[in-house]
Amino acid sequence: MILPQIEIQIIAALVAMACSILGVFLVLRKMAMISDAISHSILPGIVVGFFITQDLNAPLLIFFAALTGVITVILVEYIQKTELVKEDTAIGLVFPVLFSLGIILITKNASDIHLDVDAVLLGELAFAPFDRIVINEIDLGPKSLWVIGIILLIIIILVGLFYKELKISTFDPSLAAALGFSPVLIHYGLMTVSSVTIVGAFDAVGAILVVALIIAPAAMAYLLTEKLKIMLVLSVLVGVIAAITGYQLAHLLDASIAGSIATILGLFFVLVYLFAPKKGIVARYYRTGRQHLEISLLSLLLHISRHREKEERHVDHLQDHLNWNKSKAKKLLHHAQETGLIEIQNQIISLSPKGKEFAEASINFILENQEHRIALLKRELFLKQ
Amino acid sequence: MKENIAIQVDDLTVAYDYKPVLWDIDLKVPEGVLMAIVGPNGAGKSTLIKSILGLIKPIAGSVRVFGKPYKENRKRVAYVPQKGSVDWDFPTTALDVVLMGTYGNLGWIKRPGIKEKKIALTAMEQVKMTDFQNRQISQLSGGQQQRVFLARALAQDADIYIMDEPLQGVDAVTEVAIINILKELRNRNKTVVVVHHDLQTVPEYFDWVTFLNVKRIDTGPVKDIFNDDNLTRTYGINYKVALNQ
Amino acid sequence: MWDSLKLIFTDYTVGVITCGTALLGAISGMLGCFAVLKKESLLGDAISHAALPGIVLAFLITGTKSSSGLLIGAFLSALLGLFWIRKIVTKTHLKTDTALGLVLSVFFGFGMVLLTFIQKMPDANQAGLDKFLFGQAATLMVEDVWMMGAVTTLSLFVVILFWKEFKIMLFDKDYAHSIGIKTKLLDALVSLLIVVAIVLGLQTVGVILMSAILLAPAAAARQWTNSLKNMVILAGIFGALSGITGTAISASSAHIPTGPVIVMVAAVIVIISLIFSPERGYLFKQIKHRRNRNDLKLKKTLQLMYNIAVSHKNVYHPHSVKLLNNFRGYSKKSIQQMQRDGWISITGGMWSITPKTFEYITQSKQQQI
């Protein structure tokens, strides 16, 4: 691997880290689409900044663009406050307008601005190593490496300093306010950092794919854990791995780097979505099947325990009263008999002592919101056999 | 004891995400009663009525309306959802909302005509909202919005009225007006089932009551079963706090 | 701009294109109302981005830029995106915004990867695909417009046929279900119509900005009316207007893609509606607010005068204007205004209240009790 390739991967990894840390907070605060809005609406800011500086990595341009991002957030919130349109509609109205403005500015002044629309959408990661900082003839590395590195450092410092505040204001805004952390301040702080990060990442991966780097790692981490700290670590890990794998894929296929990273993120997400240990589709499918059986079984036991009349306890009666089809009724009866919870005599069902104990204890656990103890009870009872 | 059973619930068990919210509920609501369903938050009151209406699929159990499954007798049932469940900024007028009450009888594709409009206007008159018929619904007060919802149910001309907290957030005048309409319905041998929060007013407003807290605790005439014992069993020993709320 | 508008009626090609954008604006404006009322404003954004890989794949497979092939690709891909969003929201604890952003960016990214393959093809004329990013109305053919017309008519027919059902489902889903309306089916039908409108617009407006054409006319129309029917009709008109004007402006300058211009025109309509619409508009609310404040001030002044007047045996007895000097609500102009409106009568430096004032204040005092 040659140096520029390594540099590109380092830049991609740094961008992924910055985005995935930020993404955790945006996803948890249900503000994922705000990142999409910001990434589009900073365009006019970038164009104006580029018009002045002629350099996509100039601090002034980053400032302009970030300012546009914050203005977007304020504008969206202002429109929402008028209650003239629905909340989502405000977002959906503001960013296409600013984005359109940016595109028109670019195409109108195509001869003056050497800013490619493709670059805006896809970034120019492949060219990043060629724009270097050279001071006193000493090569300090690619400019965008420095830019995103500094942004990442700022994010890490801010998250480290305000971790507690961020956590509380994310999970319980009213508590945060009561404790004296201003949720408004934290909100706008986060929005400012988001804008700066998106601007920094924009140059590397473009307007739309920065959204993938913000949302996908955080979404995966959220499917894997519910602890904030672990979520942050997982999100960064997934983001960096996807960035590097994505680069390799792009290299292999000779395709767009940013597009490949997004594709890899998508593939990773499908895997996590399907196979996450607790929240994944497969795990969920098996669990719901088992839970359905459990609850059905409990309602059967409860039904039997509550009724002394023989007709309510008749085997054929289950279909009518519990509204179960024949196979379900049969399966459950079989299961209950097997585990020794019920006894059947002359087609009449009655609870065994064990069944009685289990039914009574279970319903109490449910009433007291302690369903998890049912599993323990089950283990205890069924091991006693 | 009244003869006909309007609603019969047998062994109903409902779970959200496999967390049980209703456990093996048996309930018989006789025809012609004005019944309150009471219970603490999370007791499954809304879930119970939504299951009766077929909006939620239960794990076990069955519901019968005048002896038939809900689907077959749906035209005899009118539902008043919680006021907060809809978007009141929806571009429509009070009369339009009440007209929706006639849609069930119209069937697919057919449009409401003069006859339906007459029904809707009569219903609006019953709740004294005729003057507001052309108001955009967001411009109505909370009490007026609730009256509109009630009028929509009245326009259905059903035999059973099932209401989810119709007195939530309404002014005192509207509360009395709504209760009077409900009592009038009961006097015409209609069955009215109301999810109710204010325990203090139960004896005054209702003649039948169901205590619910995941399990059905008791059901019957208010004068017989609305007592300390049932309240304690439903709300716990601190039920007096609930009473005074 | 007027020159370009004239062009619409004289030039055949421009006429065709304008017909197309007008149709597109109208249908997406109308269906956009449903999206907005379903509170799924941002869904359109995700769906339109999700269409990209389908378009590119269709191109790779068929090797032609024939619109119908690409549209089918776009349609299938958009449906897949929609389906996955729904699955993520219902089957996991991830929220709608996360699902939207995820599908949007991942599908788009994948589309970009596929695009690079096309760019590498020997006789790549990928300009035809660029139009799907930002739209180029100039590429609209007569057949495209016919198809748009057919789809628009069909959608309109469905909307009119199930109008009553759509309306009740959008307003109160649970209630609709309780009276036997098949809400799930209708919900799917509405989503399908929205996907169709989006796919239809991709060629003209592009994947990135299509959602704005869906939302903007609906948001603007909502400000002018309180009836769903009028809102849908008005949104159709606003959409068509944006389409026609946008095309005209874009046609007059070859470099600017159509999508952004149409969006800007639609945005202007939204801004005008938010500010100037009667009843809901910002300006109206400000005027109402000010009027209320003035009314309150007048009432306070009248109350003071009333209190002074009733202290005398004869309430209509004149008092000196100087008596009012210490009162804040008083000014020479407001006194003159009050005289003109018949609240008081002034002779020399003396004022007295009129029977109108006496009744008004007495009544309002009674109401307070």
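Letters A, B, ... mirror the listed sequences (proteins, then strands); counts begin at 1.
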Counting C-beta onward and ignoring hydrogens, is there a side-chain heavy-atom pair between C/Asp174 and B/Gln82 closer than 4.5 Å? no
Heavy-atom side-chain contact between C/Leu37 and B/Pro91 under 4.5 Å: yes
Let's test your reading of the structure: which of B/Asp89, B/Asp87, B/Leu99, B/Val77 forms the most heavy-atom pairs below 4.5 Å with chain C? B/Asp89
Is it the case that atom [atom1] in [X] sees more than 12 heavy atoms from other parts of the structure closer than 6.0 Å?
X: C/Phe162; atom1: CZ; result: yes
X: B/Lys183; atom1: NZ; result: yes
X: B/Lys68; atom1: NZ; result: no
X: C/Arg291; atom1: CZ; result: no
X: C/Lys38; atom1: NZ; result: yes
X: C/Lys173; atom1: NZ; result: no

Measure distances from [X] to the heavy atoms of chain C and classify the residue's part below 4.5 Å as side chain, backbone, both or neither.
X: B/Ile162; value: neither
X: B/Lys75; value: neither
X: B/Val97; value: side chain
X: B/Arg152; value: both

What's the separation between atom [atom1] in [X] and atom [atom2] in [Y], rounded to the nearest 0.5 Å?
X: B/Leu106; Y: C/Glu165; atom1: CG; atom2: CD; answer: 9.0 Å
X: B/Arg111; Y: C/Ile160; atom1: CZ; atom2: CD1; answer: 7.5 Å
X: B/Met100; Y: C/Tyr175; atom1: CE; atom2: OH; answer: 9.0 Å
X: C/Lys164; Y: B/Thr102; atom1: NZ; atom2: OG1; answer: 8.0 Å
X: C/His177; Y: B/Leu53; atom1: NE2; atom2: CG; answer: 10.0 Å
X: B/Thr92; Y: C/Asp172; atom1: OG1; atom2: CG; answer: 11.5 Å

Interface residue of largest heavy-atom contact number with chain B, from C/Leu228, C/Asn230, C/Thr183, C/Asn226, under 4.5 Å: C/Asn226
In terms of heavy-atom pairs under 4.5 Å with chain B, which of C/Glu279, C/Lys39, C/Lys167 leads? C/Lys167
Please check this pair: side chain of B/Tyr79 against backbone of C/Ile179, looking for a donor-acceptor N/O pair closer than 3.5 Å. no
For C/Lys182, which atoms come within 4.5 Å of any heavy atom of chain B: side chain, backbone, both, or neither? both
Do NZ/NE/NH1/NH2 and the carboxylate oxygens of B/Asp96 and C/Lys229 come within less than 4.0 Å? no
